[in-house]
Asker: 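Quick one: the structure is below, questions incoming.
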There are 2 protein chains.
Amino acid sequence: MLKWYQKGLELHHLQSFMAVAHELSFRRAAQELHLAQPALSRHIQQLEHIVGYRLFDRDTRGTRLTEPGLALADGLKPVLAELGQTLRRAEEAAEGRRGRLRVVYSIAAISSYLPEVLQAFRQRRPEVRLELQELESAEQHAAVLAGRVDCAFTIMEPPARPELKVIPLFREQIGVVVPRDHAAARLERVKPQMLAGLDYISFPRHFNPRLYDSVLAFFHREGFNPALGPVAINRINAMGQVITGSGFTTINAASAHLGGPGTAFRPFDGEGVPELPHTFSYLAANTNPTLQAMRACVQERFGGAA
Amino acid sequence: MLKWYQKGLELHHLQSFMAVAHELSFRRAAQELHLAQPALSRHIQQLEHIVGYRLFDRDTRGTRLTEPGLALADGLKPVLAELGQTLRRAEEAAEGRRGRLRVVYSIAAISSYLPEVLQAFRQRRPEVRLELQELESAEQHAAVLAGRVDCAFTIMEPPARPELKVIPLFREQIGVVVPRDHAAARLERVKPQMLAGLDYISFPRHFNPRLYDSVLAFFHREGFNPALGPVAINRINAMGQVITGSGFTTINAASAHLGGPGTAFRPFDGEGVPELPHTFSYLAANTNPTLQAMRACVQERFGGAA
DNA sequence: TAGGCTGATGCTGAAATGGTATCAGAAGGG
DNA sequence: CCCTTCTGATACCATTTCAGCATCAGCCTA
């Protein structure tokens, strides 16, 4: 048995059929379709030849559906309606009012400004499905460049690639997190040397090499060379280790609350405190229409930065 | 906004689109469709022009779905599957394995042989929807001739119209129904005169004029001219009136059980006892494929009568 | 740098399509 | 009883559309 698409079945056949089935008259149906009656007759003849059975009993005094014709008309009505629905939805997706946006972000972003941005986006585009994933900054850039995701909220300057659009959001100095009862917690600002005796709970260097290096350089300039303690695979783990007394760690102010009441966050005192460059980035060639809406939300939140 | 059918959207566009969306390669998709690659390219270009947005991001190193393209592909898959389903079902309807058969019948038929025939039909064509309706014979013939129903099981010779196919099933003498305690109930066969004193519970003449007249003629030939009692609008009502002692009525043997234990059925004794001509009839021009299956069931039950 | 791949484009002959005019049969009205 | 009007089918013609071939342009790999 041949399938329909192997026999030249086309939508205009079905459309003509439905018109005749509805009007039960070739002439009226042709009129409705803005078509000459002979053309419509041929459409029906072709369709009958394609499906292999008569769709209408017709003679000089009128047109009636055959039983299989009735079955076809009944079955086709919802199918064509769903086709229309599908086209409408795809059109909405083309306009960015529906669809999918794949977002990756750093913990530093999701624990500070990102929820606010996402909420604004959801309000503006309630039908868009947000696919969210937390990744380290380096992996985020790789994912964007490979087209696996649409955009990234990172804390690392993206590689200077021409195909990558980067919107700098703001820069944020890092501070120190110590156990609540540590001496440094009693100060307004903390000089690195005051952390002497505590291990530095760092993070894997490849997560964000620039930040890693700049933190150690800052300590070095300030005459502080901490012992490297455990390497935490994310900031939450790092906080946990601070609470257990394993040492101190660094974090941006906006994410300081991750440590809870057992920890204290203080800004660093000194010259050249390392900063997190919060950025929003995406491929310039990315055609996802919802991306423009996200960019608009970001720009609304952070001023008209290009 | 123009609708799809106003812009020349056709199934081959959608089919080409789905093939490319699946293969993510114009060449492979073209191969799969047994089409040259330029033709396929044009299909996609036309479809993009019709829907008004890009479906694929394509460059010299490959093809990727855009976000609205993804939405369209996802939505189209079930729609096309349902289209195939619908065509399959209509094809089954064309083969008579599915669909609808509109049947009208007399009480005399449904209370005797018809259930057996219908059961055989249902066994042979379980997917066919039987639309059953009880009608008086004259109305049945009118309904068949007007095409409102497909076939009729009547107890009246249909009008001799060339467009009407008639299959005689069998002829069945009528008998008499009296109250259980009436004297006639004690006899094997009943001569009409023995009903003297009882009213004849008849039926509206227009239901079956030939039968009506032949019953009265039979009584007359036998020297019996009963008073005409109430006119019952169907045989079940007539039975009820017999039980209440209003008189006697006539019925075919196969339907005698309708009266229940309060009545007694006896064959008539005499010459020229009126007969019910059980017939099966339908329009010769009726194209309903399920009708042939019903005819086969009827012929199986009643021998190979033409 | 050559050859593989990607998809797009120009051209041409064949096929399909739609319109006009007409045909054939049946029904309704004067 | 004929004439008009309706039904859908058919013949023919001009136009359009379409598929395929050959080729082009860009990228990637060996």
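Protein chains get the first letters and strands the later ones, always in sequence-line order, with residue 1 at the start of each.
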Asker: Give, ordered by number, those residues of residues 20-30 of chain B having at least one heavy-atom distance below 4.0 Å to an atom of DNA chain D; if nothing qualifies, reply none.
Answerer: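 Residues of residues 20-30 of chain B under 4.0 Å from DNA chain D: none.
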Asker: Under the rule for side chain to side chain donor-acceptor pair (under 3.5 Å), what residues qualify as partners of B:D213, not counting sequence neighbours?
Answerer: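 For B:D213, the residues satisfying side chain to side chain donor-acceptor pair (under 3.5 Å) (neighbours in sequence not counted) are B:R205.
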Asker: Expected output is a numbered-order residue list: members of residues 43-59 of chain A with a heavy atom under 4.0 Å from any atom of DNA chain C. What is it?
Answerer: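 A:H43, A:Q46 - these, ordered by number, are the residues of the stretch whose heavy atoms sit under 4.0 Å from the strand.
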Asker: Output all residues satisfying side chain to side chain contact (heavy atoms under 4.5 Å, CB included) with A:A29, sequence neighbours left out; order by chain, then residue number.
Answerer: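 If we apply the side chain to side chain contact (heavy atoms under 4.5 Å, CB included) test to A:A29, skipping adjacent residues, the hits are A:A19, A:V20, A:E23, A:L40.
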Asker: Given D:dG8, is OP1 or OP2 found less than 4.0 Å from the side-chain N or O atoms of A:T63?
Answerer: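 Checking D:dG8 against A:T63, a side-chain N or O does come within under 4.0 Å of OP1 or OP2.
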Asker: Could you tell me which residues satisfy salt bridge (Lys or Arg N to Asp or Glu O under 4.0 Å) with A:E82, sequence neighbours excluded, listed by chain and number?
Answerer: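 By the salt bridge (Lys or Arg N to Asp or Glu O under 4.0 Å) rule, A:E82 matches no residue at all.
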Asker: Answer yes or no: side-chain N or O of A:R42 and base N or O of D:dA9 forming a donor-acceptor pair under 3.5 Å.
Answerer: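 Result: no qualifying N/O pair found.
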Asker: Could you name each residue pair satisfying ring-ring contact (aromatic ring centres under 6.0 Å, His included) that touches residues 74-100 of chain A, not counting sequence neighbours?
Answerer: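 Residue pairs passing ring-ring contact (aromatic ring centres under 6.0 Å, His included), neighbours aside: none found.
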Asker: Could you list the protein-to-nucleotides 26-30 of chain D atom pairs, N/O on both sides, closer than 3.5 Å?
Answerer:
from, atom 1, to, atom 2, distance (Å)
D:dC27, O4', B:T60, OG1, 2.9

Asker: Who pairs with A:D150 by salt bridge (Lys or Arg N to Asp or Glu O under 4.0 Å), at least two apart in sequence or on another chain?
Answerer: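 Applying salt bridge (Lys or Arg N to Asp or Glu O under 4.0 Å) to A:D150 gives A:R102.
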Asker: B:Q37: which residues meet the side chain to side chain donor-acceptor pair (under 3.5 Å) condition with it, sequence neighbours left out?
Answerer: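 Side chain to side chain donor-acceptor pair (under 3.5 Å) check on B:Q37 returns B:S41.
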Asker: Using ring pair (Phe, Tyr, Trp, His ring centres under 6.0 Å) as the criterion, list what pairs up with B:H12, not counting sequence neighbours.
Answerer: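 For B:H12, the residues satisfying ring pair (Phe, Tyr, Trp, His ring centres under 6.0 Å) (neighbours in sequence not counted) are B:H43.
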Asker: Which residues pass the salt bridge (Lys or Arg N to Asp or Glu O under 4.0 Å) test with B:E32, not counting sequence neighbours?
Answerer: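 For B:E32 there are no salt bridge (Lys or Arg N to Asp or Glu O under 4.0 Å) partners, ignoring immediate neighbours.
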Asker: Just jot down the salt bridge (Lys or Arg N to Asp or Glu O under 4.0 Å) partners of B:R210, sequence neighbours excluded, or say none.
Answerer: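 Scan of B:R210 (salt bridge (Lys or Arg N to Asp or Glu O under 4.0 Å), adjacent residues dropped) gives none.
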